[in-house]
Structures are given as C-alpha cells and as structure tokens.
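Structure first, commentary second.
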Amino acid sequence: MSRKKQHSKQFKLDAVQYRKEHPDLSQIECAKNLGIGTSTLSRWESQYRDNSGDIPTRGSGNYSSDEQKEIARLKRELRDAQDALDVLKKAISILGND
C-alpha cells in the first residue's frame, strides 16, 4: 500500500509563493519545477486564497488539542489490533482446513 507524500506547511507556502513570483510560467511548468502535481499546486493555491494567506495542514503534530492527538493515537491502535485479528482469523481458517 502506498502512502501519499506529505509536504511541510512551509513547502506548500513556498510553492504558492514561487507561483506568484513567476507569472511568466504556467501552473503546469511551476508544478513540474517543484516536483509536484498540477492538481496539488492548484489545491494549495485555493487553500491559500480561502484561508487568508494560510494553508491548513493535517498529520503528525497538527492536532487542535491533546485530546484530538490521543483520539488519533487510539484510532491507529484500534486499526492495528483489528488488522492483527484479521490475520489471525485467516491463519486459523487456513490451518483448520488441514
């Protein structure tokens, strides 16, 4: 399973600034120069406009409170436990068929 690459908030802001500083380049050229997809750059520009010059981020360390961080940790722990249980169930069914 592949994970999307997460860019830092600063990278996103710099990317939007790069686009502003190079009006002679198309959005496609800017995205290519930055090594990101055109739709990604477009989304960041939209977020920048919609949030008064800021780009909201999600991910590690970006929780609104300690409670939110704990909830996220518990959800990950539950998901991992459920995955382990699924593996065990499959193993039991395979071994039970012998």
Side-chain angles (χ1 to χ4, degrees):
M1 190 172 5
S2 66
R3 278 190 77 177
K4 289 183 178 179
K5 178 172 172 55
Q6 290 190 358
H7 298 282
S8 70
K9 182 176 185 172
Q10 189 59 50
F11 180 84
K12 294 175 183 182
L13 292 170
D14 290 345
V16 171
Q17 189 63 36
Y18 177 81
R19 172 88 164 108
K20 285 181 173 184
E21 291 173 355
H22 295 87
D24 54 314
L25 297 177
S26 70
Q27 188 178 50
I28 294 170
E29 292 170 318
C30 285
K32 185 177 178 182
N33 291 346
L34 294 167
I36 58 175
T38 307
S39 62
T40 301
L41 181 56
S42 177
R43 184 175 63 247
W44 293 347
E45 288 178 312
S46 176
Q47 290 173 339
Y48 185 85
R49 281 190 306 271
D50 295 344
N51 292 289
S52 304
D54 191 25
I55 298 176
T57 57
R58 285 180 275 145
S60 179
N62 294 311
Y63 299 100
S64 59
S65 69
D66 288 340
E67 288 176 353
Q68 293 294 339
K69 188 174 183 178
E70 178 68 4
I71 288 169
R73 184 190 67 79
L74 291 170
K75 284 182 178 180
R76 276 193 310 275
E77 190 176 311
L78 177 60
R79 184 186 64 237
D80 292 346
Q82 288 171 331
D83 289 347
L85 182 60
D86 289 342
V87 169
L88 288 173
K89 285 179 182 177
K90 288 178 185 177
I92 288 171
S93 71
I94 290 171
L95 295 174
N97 290 336
D98 290 343

Apply side-chain contact (heavy atoms from CB on, under 4.5 Å) to Asp14 and list each qualifying residue two or more places apart in sequence or on a separate chain. Gln10
Those residues that, when tested against Ile28, pass side-chain contact (heavy atoms from CB on, under 4.5 Å) (two or more places apart):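 By the side-chain contact (heavy atoms from CB on, under 4.5 Å) rule, Ile28 matches Ser26, Thr38.
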Side chain to side chain, Lys12 and Lys9, heavy atoms closer than 4.5 Å: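 They are not in side-chain contact.
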Flag the pair His22 / Asp24 as yes when at least one side-chain heavy-atom distance between them is below 4.5 Å, and no otherwise. yes
Working to the nearest 0.5 angstrom, can you tell me the gap between Ile71 CD1 and Leu78 CG? 13.0 Å
What's the separation between atom NZ in Lys20 and atom SG in Cys30, rounded to the nearest 0.5 Å?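 Here the interatomic distance stands at 13.0 Å.
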Scan for ring-ring contact (aromatic ring centres under 6.0 Å, His included) pairs involving residues 70-92, sequence neighbours excluded, and state none if there are none.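 Applying ring-ring contact (aromatic ring centres under 6.0 Å, His included) to every pair that reaches into residues 70-92, excluding sequence neighbours, yields nothing.
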Connected hydrophobic set around Ile55, excluding itself, where side chains approach under 4.5 Å: Phe11, Leu13, Val16, Tyr18, Leu25, Leu34, Ile36, Leu41, Trp44, Tyr48
Only pairs at least two apart or in different chains count here, so list each side-chain hydrogen bond (donor to acceptor under 3.5 Å, both in side chains) that has a residue in residues 77-89.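 Every side-chain hydrogen bond (donor to acceptor under 3.5 Å, both in side chains) pair that includes a residue of residues 77-89, provided the two are not neighbours, is Arg73-Glu77.
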Listed partners of Gln47 passing side-chain hydrogen bond (donor to acceptor under 3.5 Å, both in side chains), at least two apart: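 Applying side-chain hydrogen bond (donor to acceptor under 3.5 Å, both in side chains) to Gln47 gives none.
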Step through the shown structure and confirm whether more than 12 heavy atoms of other residues, nucleotides or ligands are within 6.0 Å of CD on Glu21.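 Atom CD in Glu21 is crowded, with more than 12 foreign heavy atoms closer than 6.0 Å.
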